[in-house]
Amino acid sequence: IGVSNHMRCNTQRLWQFHSASSLTLVLVFSFAMIPLLSGCGKDRPKMGTVSGKVVYTDGSIPRGGVAVIRFEPAPGTTAEIRKTASNEIREDGTFELFTVRPGDGAIYGKYKTVFTILESYRTGISLIDEKYTRAETSPFECVIDSASHVFDFEIEKAERKRKKRK
């Protein structure tokens with residue numbers, strides 16, 4: 001089965017249009033992947049899947065233009081490699097962490113759990129209490145030491161400062 005001349009023409013124009021930007025993107029991506037791929041062998045660290053749910057103390061689901069959970073290696077962690085695991089918090093409040101590939105979880109070790117929940121990326125207005133946004137102040141510490149973990153978190157909303165009416 002042959003390809004029509006019309007299809008060849010469109011494919012060639014598409015390639016000409018995207019060739020420079022596509023080549024740049026492919027090269028940047030390829031070089032960025034080298035460190036990740038160099039660690040992909042039989043000596044990979046032990047990892048456990050991590051999932052769960054995030055809710056506010058009133059039971060509602062944190063929603064915003066940006067909603068992310070991160071497990072950052074805690075001081076004194078036993079993790080072979082100090083690498084953060086993260087992912088978005090879905091609209092129903094659930095999450096599933098990954099370190100390198102979706103679903104791979106977190107490397108065995110001790111972590112501080114931090115959250116970024118913003119009204120929108122542009123405004124940068126946090127919708128949660130500031131203590132949850134940094135590892136140094138987060139009250140949540142989790143240990144990954146087996147194949148599967150489920151953690152549920154209850155966090156406080158940010159206090160809204162009300163504007164004075166005239």
Side-chain angles (χ1 to χ4, degrees), residues 25-26 28-165:
L25 184 60
V26 168
V28 168
F29 180 77
S30 297
F31 284 115
M33 292 303 293
I34 290 172
L36 295 176
L37 295 175
S38 64
C40 294
K42 293 180 182 177
D43 296 334
R44 282 187 280 173
K46 288 184 177 182
M47 298 181 76
T49 61
V50 180
S51 61
K53 189 168 186 173
V54 181
V55 297
Y56 285 125
T57 53
D58 67 5
S60 64
I61 305 295
R63 291 198 175 100
V66 177
V68 176
I69 182 171
R70 293 184 316 280
F71 275 36
E72 297 183 3
T77 184
T78 56
E80 295 176 47
I81 299 172
R82 294 180 57 85
K83 194 152 177 72
T84 298
S86 64
N87 206 349
E88 69 177 346
I89 300 168
R90 298 179 193 115
E91 286 188 24
D92 65 355
T94 62
F95 66 89
E96 185 177 331
L97 296 183
F98 74 93
T99 301
V100 178
R101 290 182 294 279
D104 67 1
I107 298 168
Y108 280 23
K110 184 169 54 169
Y111 295 87
K112 294 293 281 189
T113 306
V114 295
F115 304 86
T116 302
I117 301 175
L118 305 175
E119 181 178 83
S120 75
Y121 181 75
R122 279 187 6 187
T123 65
I125 296 172
S126 181
L127 301 177
I128 60 173
D129 189 296
E130 188 178 327
K131 68 183 169 195
Y132 302 113
T133 64
R134 295 192 338 252
E136 299 83 24
T137 56
S138 174
F140 301 117
E141 191 169 275
C142 300
V143 175
I144 308 303
D145 59 1
S146 63
S148 181
H149 298 80
V150 176
F151 296 106
D152 292 331
F153 299 97
E154 210 174 82
I155 59 176
E156 300 166 41
K157 294 179 181 182
E159 287 187 30
R160 293 282 183 159
K161 295 180 181 174
R162 295 183 183 183
K163 294 181 182 177
K164 293 181 181 178
R165 294 183 182 183

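Throughout, residue positions are numbered sequentially from 1 according to the sequence presented.
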Atom pair [atom1]/[atom2] of [X] and [Y] - distance to nearest 0.5 Å:
| X | Y | atom1 | atom2 | answer |
| --- | --- | --- | --- | --- |
| E72 | T113 | CD | OG1 | 9.0 Å |
| D129 | T57 | CG | OG1 | 10.0 Å |
| K112 | T77 | NZ | OG1 | 12.0 Å |
| K53 | F95 | NZ | CZ | 11.5 Å |
| F115 | S126 | CZ | OG | 11.5 Å |
| L127 | I117 | CG | CD1 | 7.5 Å |

Please tell me if the side chains of [X] and [Y] come closer than 4.5 Å, counting only heavy atoms from C-beta onward.
| X | Y | answer |
| --- | --- | --- |
| T133 | V114 | no |
| I89 | P62 | no |
| L118 | T123 | no |
| Y111 | F151 | no |
| H149 | V143 | no |
| T116 | R70 | yes |

Main-chain N/O of [Y] paired to [X] side chain as donor or acceptor, under 3.5 Å:
| X | Y | result |
| --- | --- | --- |
| S51 | E96 | no |
| S138 | A135 | no |
| R63 | E91 | yes |
| N87 | F98 | no |

Looking at every non-hydrogen atom in both residues, tell me the closest pair between [X] and [Y] and how far apart they are.
| X | Y | result |
| --- | --- | --- |
| G103 | T49 | O-CG2, 3.7 Å |
| E154 | Y56 | CG-O, 3.8 Å |
| T99 | D104 | N-OD1, 2.7 Å |
| F153 | I69 | CE1-CD1, 3.8 Å |
| P73 | T84 | CD-OG1, 3.7 Å |
| G109 | T78 | CA-OG1, 3.8 Å |

For atom CD of E130, decide whether the heavy atoms of other residues, nucleotides or ligands shown that lie under 6.0 angstrom number more than 12.
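Open.
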
Using a 6.0 Å cut-off, check whether atom NZ of K131 has over 12 heavy atoms from anything other than its own residue.
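Enclosed.
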
